[in-house]
Each structure stands twice: as C-alpha cells, then as structure tokens.
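When a residue number appears, it is its place in the shown sequence, counting from 1. Heavy-atom basis, side chains included; hydrogens, waters and symmetry copies ignored. Just follow the structure's listing: the first ligand is 1, and inside any ligand the first atom is 1. Given the structure is predicted, the values throughout are model-derived calculations rather than measurements.
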Amino acid sequence: MRVLVIGGDGYCGWATALYLSERGFDVGIVDSLVRRHWDLTLGVDTLTPITPIRHRIDRWRELTGREIDLFIGDICDYPFVQSFMRKFEPEAIVHFGEQRSAPFSMIDREHAVMTQVMNVTGNLNLLFAIKEFNKDIHLVKLGTMGEYGTPNIDIEEGYITIRHNGREDRLPYPKQPGSFYHLSKVHDSHNIQFACRIWGLRATDLNQGVVYGVLTDQTTHDEILVNRLDYDEVFGTALNRFCVQAAIGHPLTVYGKGGQTRGFLDIRDTVRCVEIAVSNPAAAGEFRVFNQFTEQFSVYDLAMMVQKVGCEAGMKIEVQHLPNPRVEKEEHYYNAKNTLLRDLGLEPHCLSESLLSSLLHFAIRYKDRVDTSQIMPTVTWK
Ligand code: NAD
Ligand code: USQ
C-alpha cells in the first residue's frame with residue numbers, strides 16, 4: 001500500500017515512516033521542516049542530535065534497500081499538495097504535520113493564530129485534495145485525547161449516546177480542550193467529520209495521548225536514524241521531560257498538585273496503532289475515532305515512578321511541585337475508553353521499570369547536550 005506520512009521528519013512521523021517502510025508499505029514523507037525552524041527561533045534543541053532529513057532517508061536506503069520518497073513543502077500551500085498527490089498517488093495519508101505544542105500556542109496572539117491557521121488550513125487542504133484526486137484515499141489523522149478535556153463522566157471513543165426529552169441519538173462526544181493547540185484539533189475533527197458526511201470520504205481520527213520513549217526497532221539501526229527527544233518547556237512532554245530532568249539531577253517539574261491524569265503510550269505503540277488504522281480502513285463516508293493510548297497516569301504518579309527507578313539505580317532525584325503555568329484541573333475524575341485499537345490487534349507495551357530505566361539511561365547518554373535554561377516553564381495560560 002502507498003502511504004504518505006505528512007510530518008514524517010517529526011517525532012511520531014519519523015518513527016512511523018521507518019516502521020511502515022520496514023513492514024513493506026511504500027512510504028512517502030511530506031514535511032516543511034518548520035519544526036526544525038521553530039526550534040531555532042525558540043532557541044531549543046532535541047536531546048538527540050538529529051541529522052538532516054535527506055541524510056536520514058539515504059541511510060535508511062543504504063541499510064535496508066528501501067526507498068522513501070521525500071516532498072519538502074508546506075501543506076498549507078495547495079499547489080504543493082496537488083503536486084505530491086499527483087506524483088505519489090497515495091492510498092492512505094497519515095497526517096502528523098501540525099504545530100503540536102500546547103505551550104507554543106499559548107505564548108501570545110501570534111502563536112495562537114499561527115497554530116490554528118496552519119493546522120486547520122493544512123488539514124482542510126488534505127481533505128480537498130482527497131476529494132479532488134481520489135475519494136477512496138483513507139485519511140488517518142492524528143488528533144489528541146486533549147480534545148475531550150477532563151469531564152466528570154467516562155470518555156467514550158469519539159461518540160456518546162444521549163437520551164434527551166425521550167429521544168436518543170449517537171452524537172460526537174462533547175469537547176472541552178485546554179489550549180488553543182488542542183482547540184485546533186477539535187476544529188480539524190469537525191472539518192473531517194463534515195467531509196466524510198458530505199463527500200463520502202473515509203477517515204480515522206486517532207485521538208492520541210501523550211507519547212513517551214524514543215527507541216523503535218528501526219531508529220536504533222544506526223545513529224543517523226536517531227529520533228528526536230524534546231525536553232524543553234514548549235515541546236517537551238511530561239514523562240520524557242522527567243527522564244531528562246532526572247538524568248541531569250534537576251528536580252522533576254510537577255505542575256501544581258500533579259493530579260492531572262492523562263492517557264499515555266509508548267512510541268512503539270504509536271507506530272503500531274497507525275499500521276492498524278491504515279490496514280483496516282474506515283468505510284466510505286465513515287468518520288471513525290479511536291482513542292490511542294494504552295494506560296492512564298497522573299503526572300505525580302509518573303514523577304514518583306521515575307524517582308523510584310532512578311533512586312534504585314543510585315541517582316538522587318527530587319520531585320518539585322511548581323506553581324501550575326496552565327489553567328487545568330489538578331484533581332479530577334478520568335476514565336477514558338481505549339478498546340477499539342486493541343480489538344483490532346494492538347498489544348500494548350506497558351510502562352515498566354525496565355522501560356523507564358532504559359529511557360533514563362538513554363537520557364544520561366546525551367545529558368551533556370541539555371540546556372538547563374530550557375527546563376523551567378515560562379509560558380503561562382493567563
Ligand atoms: P513534531 O513537531 O515532532 O512533528 C511534526 C512534524 O510536522 C514536523 O516535522 C513539522 O516540520 C511538520 N509540519 C508541521 N506543520 C507542517 C505543515 N504545515 N506542512 C508540512 N509539514 C508540517 O510533532 P509530533 O510529536 O511528532 O506530533 C505529530 C502529531 O501527533 C501532531 O499532530 C500531534 O498533535 C500529534 N500528537 C502528538 C503527541 C505527542 O506526545 N508527541 C501526542 C498526541 C498527538
Ligand atoms: N506537566 C507537568 N510538568 C511538566 C510538563 C507537563 O506537570 O514538566 C503536566 C501538564 O500540566 C499537563 C500534563 O503534564 O497536565 C501533560 O502535559 P504535556 O506537556 O506532557 O502534554 P500536552 O501539553 O497535553 O501535549 C502533549 C503533546 C500534544 C498532544 C498531547 C496529548 O505535545 O501534541 O496532543 O500531549 S493529550 O495530553 O492527551 O492531549
């Protein structure tokens with residue numbers, strides 16, 4: 001199957017492109033490299049020294065004999081989208097190519113507008129391109145668990161059955177996102193659902209939780225293939241940040257009480273979930289939603305787990321409760337469903353002490369690259 005990975009130079013996209021390539025899919029990568037540009041403008045860098053995209057792809061070909069086509073450009077530019085659709089003729093499009101940081105979207109008006117305009121425009125362009133070139137192309141879109149927020153009832157997979165004044169319907173699950181970034185994903189979901197309903201497109205929205213880890217079987221073949229690992233306050237995510245903080249002896253930065261509970265998954269499950277979605281396409285006209293996470297943890301629980309594993313290895317790790325820079329519930333009910341991907345064959349890698357230990361050792365290996373000034377949060381929601 002011919003699969004285009006939009007955002008294939010990024011954290012999830014690079015791991016997915018190599019995984020699908022090794023699994024026998026014909027893979028093309030589309031990326032504007034804007035993420036590398038944002039890192040430069042913010043003065044942040046990945047913990048791991050990532051090589052230029054063309055070097056990465058050349059090395060993959062040398063090692064495996066497998067080609068990955070590369071299209072450099074911005075999916076907000078419709079003629080560029082038309083040109084790669086014409087040249088590559090995808091059967092599935094996996095869309096990772098968005099501004100994905102909540103703090104980035106909350107820096108100021110400019111960053112909020114940039115996030116929403118880019119994310120919504122790029123996604124709309126893909127929908128129009130699928131309609132123009134081949135309505136059978138399956139769109140696999142990365143959404144986020146954060147679209148739902150933290151309601152005081154169970155979170156279903158995309159839809160909820162509601163009884164109201166004696167009548168019943170299955171409706172999109174209510175959304176209460178927590179940042180302008182998370183809101184952009186809600187807008188995307190609505191646009192995709194509309195396109196499926198009106199034009200008969202087929203789409204899967206993968207409402208992914210927070211991803212952790214860095215090693216996948218394919219990116220470990222060679223140092224040139226190493227994936228990015230973000231630890232800074234803008235792009236770094238909770239567990240990855242805690243492991244890097246532990247590696248350099250920085251107190252773990254729990255925001256507020258730390259009772260914020262989220263769905264999490266190992267990056268090895270991200271790539272497998274995408275394969276499952278691509279291999280089991282949605283029906284024509286169907287807008288399908290899968291909650292893509294494997295386990296739920298509170299931020300405080302994660303910090304305690306990192307502390308335990310680190311201390312057992314002889315490290316000295318403190319946990320610090322910082323004033324929360326975000327506006328979010330710090331103690332709340334959270335019970336999200338995640339059975340649909342398992343029903344299709346996902347066998348989760350659960351968070352274990354050995355995985356945490358290997359992530360800690362990975363962070364220690366690169367700890368001399370850490371810029372400690374990038375760790376404490378400065379972007380606030382207010
Ligand atoms: P990332 O920033 O590492 O990668 C995104 C890639 O997309 C970058 O290489 C960037 O250059 C590219 N890109 C962005 N806008 C583009 C555009 N307009 N045209 C072409 N390329 C563009 O992000 P990631 O962590 O790999 O996340 C990928 C997707 O998964 C995002 O949509 C994100 O919302 C979603 N997601 C990520 C996580 C996580 O924990 N990392 C969790 C849930 C959902
Ligand atoms: N947090 C801390 N300390 C930190 C960093 C974060 O306590 O040092 C807390 C945050 O306050 C929040 C939780 O951890 O309550 C998660 O924050 P995060 O930065 O790990 O993740 P988030 O901002 O939600 O965004 C990340 C990805 C995003 C994806 C989302 C999935 O950057 O692309 O959509 O995870 S989800 O959280 O399910 O919406």
Worked verdict on Y78 versus E132 for side chain to side chain contact (heavy atoms under 4.5 Å, CB included) = CA-CA 12 Å; Y78 195 64; E132 179 182 340; 2.6 Å; yes
Against ligand 1, does [X] come closer than 4.0 Å with any heavy atom?
{"X": "W14", "result": "no"}
{"X": "G73", "result": "yes"}
{"X": "V30", "result": "no"}
{"X": "R228", "result": "yes"}
{"X": "G8", "result": "no"}

Consider every N or O of [X] and every N or O of ligand 1, then say whether any pair is closer than 3.5 Å.
{"X": "T237", "value": "no"}
{"X": "V34", "value": "yes"}
{"X": "C12", "value": "yes"}
{"X": "M118", "value": "no"}
{"X": "G10", "value": "yes"}
{"X": "Q99", "value": "no"}
{"X": "D230", "value": "no"}

What is the closest protein heavy atom to [atom], and at what distance does it sit?
{"atom": "atom 11 (O) of ligand 1", "value": "D31 OD1, 2.6 Å"}
{"atom": "atom 6 (C) of ligand 2", "value": "Y255 CE1, 3.6 Å"}
{"atom": "atom 28 (C) of ligand 2", "value": "R100 O, 3.3 Å"}
{"atom": "atom 32 (O) of ligand 1", "value": "K185 NZ, 2.6 Å"}
{"atom": "atom 34 (O) of ligand 1", "value": "Y181 OH, 2.6 Å"}
{"atom": "atom 38 (O) of ligand 2", "value": "M145 CB, 3.2 Å"}
{"atom": "atom 39 (C) of ligand 1", "value": "V211 CG2, 3.6 Å"}
{"atom": "atom 30 (C) of ligand 2", "value": "T144 OG1, 3.7 Å"}
{"atom": "atom 1 (P) of ligand 1", "value": "R35 NH1, 3.8 Å"}
{"atom": "atom 38 (C) of ligand 1", "value": "Q208 NE2, 3.6 Å"}
{"atom": "atom 3 (O) of ligand 1", "value": "Y11 N, 2.9 Å"}
{"atom": "atom 11 (O) of ligand 2", "value": "E328 OE2, 2.6 Å"}
{"atom": "atom 42 (C) of ligand 1", "value": "G209 O, 2.9 Å"}

ask   = Can you find an N or O of N324 that's nearer than 3.5 Å to an N or O of ligand 2?
value =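 Between N324 and ligand 2, no N or O pair is found under 3.5 Å apart.
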Ligand 2 contact on [X] by region, counting heavy-atom pairs under 4.0 Å:
{"X": "A102", "value": "side chain"}
{"X": "V299", "value": "side chain"}
{"X": "R241", "value": "side chain"}
{"X": "Q208", "value": "backbone"}
{"X": "E233", "value": "neither"}
{"X": "R326", "value": "side chain"}
{"X": "F235", "value": "neither"}

Are any of the side-chain nitrogens in [X] or [Y] under 4.0 Å away from the carboxylate oxygens of its partner?
{"X": "D26", "Y": "R66", "answer": "yes"}
{"X": "E89", "Y": "R2", "answer": "no"}
{"X": "R272", "Y": "D266", "answer": "no"}
{"X": "E318", "Y": "K316", "answer": "yes"}

Polar side chain donor-acceptor pair, H361 to S358, under 3.5 angstrom =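 There is no such pair (donor and acceptor under 3.5 Å, judged by atom type) between the side chains of H361 and S358.
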For [atom], state which one of [options] supplies the nearest heavy atom.
{"atom": "atom 23 (O) of ligand 1", "options": "R36, R100, R262", "result": "R100"}
{"atom": "atom 5 (C) of ligand 1", "options": "F96, F80, Y212", "result": "F96"}
{"atom": "atom 21 (N) of ligand 1", "options": "G146, S32, G122", "result": "S32"}

inquiry  = When you measure from the heavy atoms of F293 to every atom of ligand 2, does any distance fall below 4.0 Å?
reply    =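 Under 4.0 Å: no for F293.
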ask   = Can you find a non-hydrogen atom of G263 under 4.0 Å from ligand 2?
value =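 Not so, G263 does not reach ligand 2.
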request  = Using the side chain to side chain contact (heavy atoms under 4.5 Å, CB included) rule, pick out the option among T270, I267, N227, L18 that qualifies with T216.
outcome  =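 Of the listed options, the one satisfying the test is I267.
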task = Decide if the gap between the ring center of W199 and the ring center of F128 is smaller than 6.0 angstrom.
result =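 Ring centroids of W199 and F128 are less than 6.0 Å from each other.
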query = Got a sec: does the OH of Y300 have more than 12 other heavy atoms crowding it under 6.0 Å?
reply =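 No, the 6.0 Å shell around OH holds no more than 12 heavy atoms from other groups.
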query = Which of these, D31, D9, D45, sits in a salt bridge (Lys or Arg N to Asp or Glu O under 4.0 Å) with R36?
reply =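 Between R36 and the candidates, salt bridge (Lys or Arg N to Asp or Glu O under 4.0 Å) is satisfied uniquely by D9.
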ask   = Can you list the atoms of ligand 2 that are under 4.0 Å from a heavy atom of A238?
value =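 In order of numbering, the contacting atoms are 14 (O), 18 (P), 20 (O).
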